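Everything on this sheet refers to the single structure shown next.
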Amino acid sequence: MEQTPATQPMIEALGLTKRYEDETLALDNVSFAVRTGQIYAMLGGNGAGKTTTINIFLNFIDPTAGEARIDGIVTHKEPLKAKAKVAYVSENVMLYPNFTAIQNLDYFARLGGKTSYTKNDYHDVLRRVGLEDEAHTKRLRSYSKGMRQKCGIAIAILKDAPAILLDEPTSGLDPKAGFEFLGLLTSLRDEGKAILMSTHDIFRAKEIADMVGIMNAGKLVMQRTQSSLAGENLEELYLQFMAGSVERAA
Amino acid sequence: MFATLLQKELKSILLSPKFPATFAVCAGLLILSISIGIHEYQVTTRQYETATQMVTQELREQAHWSGVNNRTYRKPDPMQIFVSGVSNDIGRWSGVSQFEPVKLRHSAYSDDAIFAIFRFIDFGFIVQVILSLFAFLFTYDAINGERESGTLALTFSHPIPRTTYLLAKIAGSWLGLVIPLLLPVTVGVLLLVLFRIPFEASHWMKLGGLLGVSMLYFSFFVTLGVCISSLTRRSNVSFLLCLVAWVFLILIVPRVGVIIAGQAVPVPTVAEIEAQQDAYSKDKNEQHMKSMEAKFRDREALMSGMTKEQREQYENDHMWSWMEENDADQKQITKDIEAQGVKLQEDLRNRKALQERLAFSLSRFSPASAYQLAVMSIAGTDITLKSRYEDGLRSYRTILNAFTEKKQKETGDVGGIRITMDSEKGMSISAPKENGTLDLTDMPQFAPPANASVMPVTDIGILVFAILAAFGGAIAGFLRYDMRS
Ligand SMILES: Nc1ncnc2c1ncn2[C@@H]1O[C@H](COP(=O)(O)OP(=O)(O)O)[C@@H](O)[C@H]1O
Ligand SMILES: [Mg+2]
């Protein structure tokens, strides 16, 4: 990866290390970068350190060493400034069950500082993420997990932030919904967002990611561009790295 | 930002299923209590007016100033509609005459014991006990509930300062509960106007003070609920903690304060005081008897060598001074006994006051007690009501007695008196109803003590301090709160 100094990465981890209070080393000197117009897929099994990485980017936890940066802003030093530039979709999007989809969207849009959206904007974005019109004014308590994930991405879209962080957004979705979800991500990438997504879905990752990183036990054990993966069997690579048979980080 | 957060809090309270239930209970209770309070006030006012008229009538029918036995009723105060305080516990009337000391008798509770069992559910009680519970009910999961439901992380992926969020939480819960309560309070105020309760400017001000202190009190529980919620991870834990805090602050601390004060400063009972007084006078009398005996023996000894004539002569010479001496002794003894009685009563009052002060100071560790004391002193139905009234009655008694004596001298009538003893009405003394009616035009009238409503500065200070402490706890908890679900 050539890096021209003129374009600084939108999402960047520099020697990110996290040791929890109970001494678990969840992240060990992890570095990577995601530029605008790129999707970075963070692959790894349970406990690899994916969620920990994303939580540091959101300043939910402080790193033990190293830095997470959004558009050059160090997240644990200027969390509010950094958060203004990042949208987040969690593994299990939870919204206010007593509010309708529109009400939830309106609330979170305002929290993101977007006050000029109209009802129509909300309907449009809900349609874009694949929610039927009759669902828009239903209370969230009646929503399925897939519908909530769609709502979550709608909220991320409305925030219109240059960086988007997604933590296993397709886990628990049926294949069709998962496919649609990835289509949305591609379109967002094409709009110039920098997207960091954690997943353990190797096939989809290969399909849409511009860059794939494999994490194991807190280490980033492999990192490849999509083009360099062409013709390679990612599944095999993944299993190799997960087994620890290849002792090198990218 | 703040407005958005606040709006959302209000909306989610209004949409939550617990809202209609709590609102119905609060509104129903408030309106009911004010209606009952108004009714009670009207009934007691009518009673007061009839009784006062009857007393005047009776006075007029008496023939002699010497028999004048006035009876003064305690005037109901409209503030008791909101905070009944001790107004149902202390007597409603007292005799005012030369013959009996001032003492308020026949409290509402002694006449209608059933009310004493259930007490009176007034505005102060509803705020103190029920609204505080509801405040907890709306705030115990303010923070940890959002974490549990997973919305806290999404919220804090947005650029929101934690203190702003916390303030909005507190303000939202506060408004979400206060705004709907203004409705029944407004209805209550309309009822006051509708039923022509004599509310003067000073009463309205006191009502404003009541509402203000109530809001302070309520703010404390809202803030404490949010504080407990931001110090715990799980809402079932914070629910339990809130419940414990509520029981502790409302039910335990106030009573424990009184119990400890009772142990630390024991106050003798009336029987004990009487026994002491009896013992003292018995002692004094015995002493007197002994000294009399001693004197008698001395005199006998002196006179032992005398002849019968000498003896008679000696006795005749000294009898007068002996009698005088004895008389003086007797008088001294009576004076001493009286002084001892006064001293004992004063001791009793001082100890009572000390115990009261200690009990209040201790129970003020709970803002619930501070609130109760504050609203009672604003409404003027606090514990000093009885002594204020009795003090007023005593000075009236002095004036009235002077007046009747003067009248007696002017009219020169002494008249016979009739003493009746009645287990119900106590002792009453009256002159036989003969001819005339007394001219009462210039008889001094009892002026009820000005409703000495005091600004409860200490208690307001305690409430403000408690709010700040709870807020500090909430901030401390939330600044290091782990937003992850
Ligand atoms: N709050 C925590 N305290 C202690 N250890 C934790 C905590 N959160 C995660 N871990 C540990 O850190 C490691 C990485 O976890 P995580 O980042 O959640 O992995 P992933 O999201 O890739 O499944 C795991 O071993 C996990 O047990
Ligand atoms: Mg995870």
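On a predicted model such as this, the values are computed, not experimentally measured, just so you know. We name chains A, B, ... by the order of the sequence lines, and we start the count at 1 in each one.
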So which of B/L154, B/L15, B/T155 actually passes side-chain contact (heavy atoms from CB on, under 4.5 Å) with A/Y96?
B/T155

Looking at residues at least two apart in the chain, or sitting in another chain, which of them share a side chain to side chain donor-acceptor pair (under 3.5 Å) with A/E91?
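With neighbours one apart ignored, the set is empty.
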
Within 6.0 Å of [atom1] in [X], more than 12 heavy atoms from elsewhere:
{"X": "B/R234", "atom1": "CZ", "answer": "no"}
{"X": "B/F248", "atom1": "CZ", "answer": "no"}
{"X": "B/F2", "atom1": "CZ", "answer": "yes"}
{"X": "B/R480", "atom1": "CZ", "answer": "no"}
{"X": "A/K81", "atom1": "NZ", "answer": "no"}
{"X": "B/K18", "atom1": "NZ", "answer": "yes"}
{"X": "B/F23", "atom1": "CZ", "answer": "yes"}

Quick one: pull up [atom1] in [X] and [atom2] in [Y] and give me the separation to the nearest 0.5 Å.
{"X": "B/K8", "Y": "A/N104", "atom1": "NZ", "atom2": "CG", "answer": "9.5 Å"}
{"X": "A/N55", "Y": "B/S157", "atom1": "CG", "atom2": "OG", "answer": "11.0 Å"}
{"X": "A/Q103", "Y": "B/Q7", "atom1": "CD", "atom2": "CD", "answer": "11.0 Å"}
{"X": "B/E148", "Y": "A/M94", "atom1": "CD", "atom2": "CE", "answer": "11.0 Å"}

List the steps and the verdict of side chain to side chain contact (heavy atoms under 4.5 Å, CB included) for B/M1 and A/R110.
CA-CA 7 Å; B/M1 176 66 60; A/R110 283 169 191 282; over 6 Å; no

Determine which residues belonging to residues 58-73 of chain A lie within contact range of chain B, meaning some heavy atom pair is under 4.5 Å apart, and list them by number or answer 'none'.
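Hits under 4.5 Å: A/L58, A/F60, A/I61.
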
Check whether A/I155 gets within reach of chain B through its side chain, its backbone, both or neither, counting any heavy atom under 4.5 Å.
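For A/I155, the contact with chain B is made by the side chain alone.
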
Looking only at non-hydrogen atoms, find the nearest pair between A/K159 and B/P159 and report the distance.
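Heavy-atom minimum between the residues: NZ-CD, 4.1 Å.
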
Quick check: closest heavy atoms across A/N98 and B/S16, and the distance to 0.1 Å?
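Taking every non-hydrogen atom into account, ND2-CA, 3.9 Å.
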
Residue B/A3 versus chain A: region with a heavy atom under 4.5 Å:
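For B/A3, neither part sits under 4.5 Å from chain A.
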
Is it the backbone or the side chain of B/S149 that comes under 4.5 Å from a heavy atom of chain A, or both, or neither?
backbone

Counting heavy-atom pairs under 4.5 Å with chain A, the top scorer among B/L5, B/T151, B/D482 is B/T151

Relative to B/F156, does A/K83 satisfy both conditions: NZ or CZ under 6.0 angstrom from the six-membered ring centre, and within 45 degrees of the ring's axis?
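Not flagged: A/K83 not positioned over aromatic ring of B/F156.
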
